[in-house]
Amino acid sequence: MYTLQDPSPKTKKAQASSLTEVRLTKAQELERMGIPPFATGFTPDLTAAALHHRFADAVFDGSEPPVSMAGRIMAMRILGKASFLKVRDGTGDFQLYLSRDGLGVDKYNLIKKLDVGDIIGGTGRPFRTRTGELSILVEEFRLLTKAFRPLPEKWHGLSDIETRYRQRYLDLMVNPSARETALARTKIVSYLRDFLACREFLEVETPMMQAVPGGATAAPFETFHHALNRKLYLRIAPELYLKRLLVGGFHRVFEINRNFRNEGISTQHNPEFTMLEFYQAFATFEDLMILTEEMLSGLAKHVTGSYKFVYGDHEVNLTPPWPRLTVREALIKHSGLTEEQLDDRNALFIKAVESGLDVRPDDSPGRLRMGLFDEFVEKKLWGPTFVIKYPVEVSPLARRNDEDPTVTDRFELYICGRETANAFTELTDPLDQRIRFEEQAEARAAGDEEAHFLDEDFLRALEYGMPPAAGEGIGIDRLVMLLTNSPSIRDVILFPHMRPEKGIG
RNA sequence: GGGCCGUUAGCUCAACUGGUAGAGCAACUGACUCUUAAUCAGUAGGUUUGGGGUUCGAGCCCCCGACGGCCCA
């Protein structure tokens with residue numbers, strides 16, 4: 001026999017509000033009547049969606065077999081000797097109709113112990129009310145879970161942004177848009193998996209805890225392994241491990257998983273975020289531009305029904321092909337700098353300082369160009385645009401261009417003014433890779449916390465020979481933001497990072 | 001990190017120039033056998049984000065902190 005525990009002092013304190021006290025009292029009363037307020041063993045045989053689908057056009061004559069359904073009470077309309085309960089399960093809403101005549105007085109009166117928010121199961125025959133609503137004429141019902149806390153208000157719902165993020169379960173219960181975004185995210189990730197799997201990419205998992213964090217320009221989180229007595233880092237990217245797999249002979253691999261970067265929190269940044277990275281041997285960054293057009297336009301069509309969608313105030317059109325622009329061309333077009341100035345380190349430096357950029361006196365021309373690019377160009381690239389020919393000093397893992405060794409065979413894809421994908425033909429030459437790492441190590445020694453670490457094992461792997469390949473990373477959270485028209489990354493992450501709440505956690 | 005804005009009942013929101021903190025929904029009591037934000041009558045519900053200050057008097061003014069939002073870096 002189930003027994004309700006006495007509330008602990010902490011629970012009592014949390015239930016100081018009379019609203020919760022009333023509900024606790026109802027649970028205790030039910031238990032005294034032999035009815036457990038937290039039950040188990042009720043198996044629904046029909047969901048709300050299936051109910052509405054199956055009986056959409058049905059004409060009822062009372063011969064339908066009974067169905068069992070379960071869900072959370074979202075509204076109760078009690079009209080004396082008859083009552084309507086609006087109930088929500090994982091697929092939608094349905095209505096239970098209970099009458100005193102149908103259930104008997106004792107059973108019917110139990111609805112007085114129910115509250116909005118409780119989870120119940122009901123069994124009965126489907127029928128249509130006078131106003132035509134498909135409902136269940138309840139013959140049996142059971143309380144499955146008593147809710148001690150009241151739900152947010154039925155009409156305005158839950159709109160407080162902070163509560164929606166902190167208590168996502170409430171957001172999901174009462175705000176359809178929260179559900180829709182979460183479902184869209186799942187749909188997006190599934191599509192990408194299928195897209196890559198169909199092209200014979202192998203999904204793999206590589207370490208999230210790494211002794212040497214690599215593959216991106218970012219500050220890592222540190223953690224500590226007691227048994228090994230050594231510091232470990234949460235990964236900032238899977239890149240160097242996926243490339244090791246290329247060396248090992250897996251020629252098409254991808255991973256969809258979390259990265260962790262120790263940087264500020266904003267509408268665009270969560271400390272942990274999900275990245276798709278994929279690598280294809282014997283391909284170049286040019287091949288990946290084609291692949292990316294196909295993948296993301298197909299994704300948009302799959303999710304929104306069209307190559308075009310709205311983000312914020314603007315329409316975005318992902319119909320391929322997408323324009324390509326070199327970093328130089330983009331700067332000339334959007335920053336006001338001339339050809340000559342772009343080649344003049346001094347002119348670049350002056351422009352950067354004038355623009356209020358955080359620059360160091362020894363910054364290279366490439367670094368200055370990218371600083372100016374971020375300042376003047378990025379937010380203007382609304383339609384999908386491949387930006388190519390990135391300076392070698394900001395691309396330490398990418399292959400140099402054969403004609404111009406100061407730039408790399410790399411692209412970044414911009415959509416809605418945001419970097420959405422980053423890809424390059426991979427650097428396979430271990431001698432060049434070591435030089436790049438050493439340059440990064442110097443920057444790190446000079447105080448750049450985001451500079452790459454030198455990874456000796458990765459160099460050793462390259463020395464065994466990595467097939468020529470191209471690789472790409474796509475930030476899933478930002479992609480979901482675009483396709484769900486979400487203004488904040490917190491809208492597309494079920495449990496976004498928040499500072500600890502006062503009095504809880 | 002900086003600037004601006006916000007935090008009032010379970011939820012959504014009011015409260016004039018500093019003068020008794022209110023409403024709707026939810027809850028509670030009662031009526032009501034086809035409701036759809038059910039309706040009707042009544043009742044109760046507050047450490048105004050925390051701390052300090054000014055004042056005869058502070059939700060409101062000042063200072064410090066917490067959390068959140070927006071913008072900037």
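For A:Glu162 against B:U7, no side-chain N or O and base N or O form a donor-acceptor pair under 3.5 Å. Judged by distance alone, with hydrogens and angles left aside, A:Ser99 brings no side-chain donor or acceptor close enough to the base of B:U33 to form a pair under 3.5 Å.
Each of A:Tyr97 and A:Leu158 was assigned the nucleotide of RNA chain B with the nearest heavy atom; the assignment lying further toward the 5' end belongs to A:Leu158. Each of A:Ser135 and A:Leu114 lies near RNA chain B, and the nucleotide nearest A:Leu114 is the one positioned closer to the 5' end.
For A:Lys154, a side-chain nitrogen or oxygen approaches OP1 or OP2 of B:A38 to under 4.0 Å. Phosphate contact (OP1/OP2 of B:U35, side-chain N/O of A:Thr129, threshold under 4.0 Å): absent.
Aromatic ring orientation, A:Tyr97 versus A:Phe84: tilted (interplanar angle from 30° to 60°). The aromatic rings of A:Tyr311 and A:Trp382 sit tilted relative to each other, their planes meeting at an angle between 30° and 60°. Taking the six-membered ring where tryptophan is involved, the planes of A:Phe55 and A:Phe60 are tilted, since the angle between them lies from 30° to 60°.
Using a 4.0 Å cut-off between charged nitrogen and carboxylate oxygen, A:Asp115 and A:Lys146 count as a salt-bridge pair.
Among the protein residues, A:Arg164 comes within range of no part of the nucleic acid, since none of its heavy atoms lies under 4.0 Å from any strand. Across all strands shown, A:Lys26 has heavy atoms under 4.0 Å from sugar-phosphate atoms exclusively, and none from any base.
Nucleotide B:A27 holds its P atom 7 Å from the CG atom of A:Asp115, rounded to whole Å. Atom CZ of A:Phe84 and atom P of B:A38 are 12 Å apart (whole Å). As a whole-Å value, the separation of A:Ile111 CD1 from B:C28 P is 12 Å. The distance between atom CG of A:Asp160 and atom P of B:C25, rounded to the nearest whole Å, is 22 Å. Rounding to whole angstrom units, NZ of residue A:Lys86 and C1' of B:C34 are separated by 17 Å.
Residues of residues 73-81 of chain A that place a heavy atom closer than 4.0 Å to RNA chain B, in numerical order, are A:Arg77, A:Ile78, A:Leu79, A:Gly80, A:Lys81.
Nucleotide B:G57: unpaired (no Watson-Crick or G-U wobble partner with both distances less than 3.5 Å).
Looking at A:Thr420, A:Ile415, A:Leu325 one by one, the single match for side chain to side chain contact (heavy atoms under 4.5 Å, CB included) with A:Leu381 turns out to be A:Leu325.
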